[in-house]
2 protein chains.
Amino acid sequence: MLDNYLLEELAAFARTGTLAKTASQLNVTQPTVTRGMQKLETDWGVRLFDRQPNRITLTPTGQLAAQEAAKLLQAQHEAIAKVQNYDRNQRVLNVGAIIPGPLMLLAHVLPTLATHVKISQTLITADEPTTLLTDNTYSLILSSQPLTTATVASSYLGEERLSINLNRFMYQANQSSITFAELKDLSFLVLSDIGPWRAIIQQAIPNAKFLYQDQREAFEEISKYADFPSFSSNLSRDDPLFTQPAPEDGRVRIPISDARAHMPVYAAYLRANKATVKPVIDQLLADWPVS
Amino acid sequence: MLDNYLLEELAAFARTGTLAKTASQLNVTQPTVTRGMQKLETDWGVRLFDRQPNRITLTPTGQLAAQEAAKLLQAQHEAIAKVQNYDRNQRVLNVGAIIPGPLMLLAHVLPTLATHVKISQTLITADEPTTLLTDNTYSLILSSQPLTTATVASSYLGEERLSINLNRFMYQANQSSITFAELKDLSFLVLSDIGPWRAIIQQAIPNAKFLYQDQREAFEEISKYADFPSFSSNLSRDDPLFTQPAPEDGRVRIPISDARAHMPVYAAYLRANKATVKPVIDQLLADWPVS
DNA sequence: AACAATTACGGAATCCGTAAAAATT
DNA sequence: AATTTTTACGGATTCCGTAATTGTT
């Protein structure tokens, strides 16, 4: 016999220390909590509290029970979320990423797909992205590392290769390839949400300044009127510099030759979902830019 | 919102396949289950069933939900058992073992202990004995291997050394030490529940026959009237051959010299329980037979 | 006097079983 | 005809809040 609201009360009591605070935190009255904890003790056949007329405290067993109650509640919330996310992904295939480039390519090839795909607007920063697959937050994660576990598989998609967009009259612009070192001392206009690229450019370019912009609109507005160097890649699709040859707006797009400017891209998914995600992966592979 | 009895119904439906069988398995009526599953769907905001007038089946989401429900129920049972076991071990310290010898020694030194100790009557055969510590089934496990994890620690106690009890007139009896090989072709009277020793004697003694006895009483009865060779060890306490020198009942106790006849013994416990189990471990160490 | 826990009582919500209906095999 | 699911209705349990009680600080 296990009643959920009793677990809530016990876990809340462990946080607050008194039945009164517990009651107010849960928006019930004190007698409710009193009865609840009495019932929990009789249900489990275990003494959880030391009672004095004016004070009630957890026994060691009660402390363990409170820990376990909190864990059970957490597990319940996760299970419900998992089911709800799974249901959502039955209709739309949610895609997340730790780097933005592949998402831009995906957005570009999306009309060719029969599957209804929804692209996450924020990048993943979690330490263990695989949990976002197992809890069905995403059905597909585009990552710079192969994520492989008993239930998660990864497909190699290709490489993202960083380029720099420069004013054509800058002296560095007069070459077909460039290195991070040659970009030293410059100020760059950069989107904030670029995942691992951020650490790479900060470490690789000596004495650089980075003007981070949170919003893409602001980024493009500034980019239109001021002439800061900015980054794009072979996967970029919605900036005007992508189309080759470079347009006549005064900028050139130069690939960066450093090894660090090349990042592998993998598609990670639950093995159980392989059939569902396959068309998306195949389309990405088909439209992946030839190096 | 998560009602436990709905999880039971969902998990049962996943096993039975119809609401009618589910109801009879749970000892409720069909309408109860119908309402329950409808409520579960509205509570979670997810469609779990495909409904036809005369048949109802789980959607893919429903199948996942049933799996998760079963896992949650399992976790709940384990949590309650853990708390109840913990409470029990607050008053009596339960001790388990994978080899019987140390338990016999413990039973012998038990009167010297202030702690109220309860000794398990059956040996542990689980693959992962540490789970029996984390779920508080036992507070102390006597094992032939050190069990060490983030929460479990082990203390080395000493060695158990196997001996053989022989009729004094057998030709092998006339020596102070013996090998497994010298015991070949004999028939032995052996207790069934001797853990790893069973495999050892079976593999080490060539062409031997083992008469396994489940019950200790029967074992001692047979042993009294028939004169089969039998095993004991330096930790044996309740057989008459233990006291040195050997009694005048016609048998001698000869230690076996093979390396395989010597087994290290460790005491494993939750690090959180160190203070509780320490007096027991100290007493075992103090009374451990000198080799 | 103020605070915390418990007990007593009445109302309200919910959960169940019986009975009946609808639809399929 | 026999199953299976669903709906309708009435009863019973249980769960909660208000009010009052006990005991401590």
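In what follows, chains carry the letters A, B, and so on, assigned in the order in which the sequence lines appear, proteins first and then strands, with residues in each chain numbered from 1.
Counting to the nearest Å, the C1' atom of D/dT24 and the CD atom of A/Gln52 are 10 Å from each other. The distance from atom NZ of A/Lys39 to atom P of D/dC16 is 10 Å, rounded to the nearest whole Å. Straight-line distance from the CD atom of A/Gln30 to the P atom of C/dA2: 17 Å, rounded to whole Å. Separating the CE atom of B/Met37 from the P atom of C/dC15 is a distance of 12 Å, rounded to the nearest angstrom. In this structure, the CG atom of B/Asp3 is 10 Å from the C1' atom of C/dT14, given to the nearest Å. Distance CZ (A/Arg55) to P (D/dT24): 12 Å, rounded to an integer number of Å. Taking atom CD of A/Glu9 as the reference point, atom P of D/dC15 lies 11 Å away to the nearest angstrom. Per the geometry, CG belonging to B/Leu19 stands 16 Å off C1' belonging to C/dG17, to the nearest Å.
Mapping A/Asn54 and A/Tyr5 onto DNA chain D by nearest heavy atom places A/Tyr5 at the nucleotide closer to the 5' end.
Checking D/dG17, C/dA5, C/dA19 against the side-chain heavy atoms of A/Thr18 singles out C/dA5 as nearest. Among the nucleotides D/dA8, C/dC15, D/dG23, the one closest to the side chain of A/Pro53 is D/dG23.
A/Asn89 places a side-chain N or O within donor-acceptor distance of the main-chain N or O of A/Asn94, the cut-off being under 3.5 Å. Under the 3.5 Å distance criterion, the side-chain polar atoms of B/Ser143 are matched with a main-chain donor or acceptor of B/Gln145.
Considering only heavy atoms from C-beta on, B/Leu10 comes within 4.5 Å of B/Leu58 through its side chain. Two residues are said to be in side-chain contact when any heavy atoms from C-beta on lie closer than 4.5 Å; B/Val152 and B/Arg271 fail this criterion.
Close to C/dT6, at under 4.0 Å from its OP1 or OP2, lies a side-chain N or O of A/Thr34. Phosphate contact (OP1/OP2 of C/dG17, side-chain N/O of B/Thr32, threshold under 4.0 Å): present. In this model, the phosphate group of C/dT6 is not approached by any side-chain N or O of A/Arg35 to a distance below 4.0 Å at OP1 or OP2. Residue B/Gln38 places at least one side-chain N or O closer than 4.0 Å to OP1 or OP2 of D/dT7.
A/Lys21 comes within 4.0 angstrom of nothing in the nucleic acid, heavy atoms only. Contacts of A/Val33 with the nucleic acid, taken as non-hydrogen atoms under 4.0 Å apart, are absent.
For A/Gln63, the CD atom counts as densely surrounded, since its 6.0 Å shell holds more than 12 non-hydrogen atoms of other residues, nucleotides or ligands.
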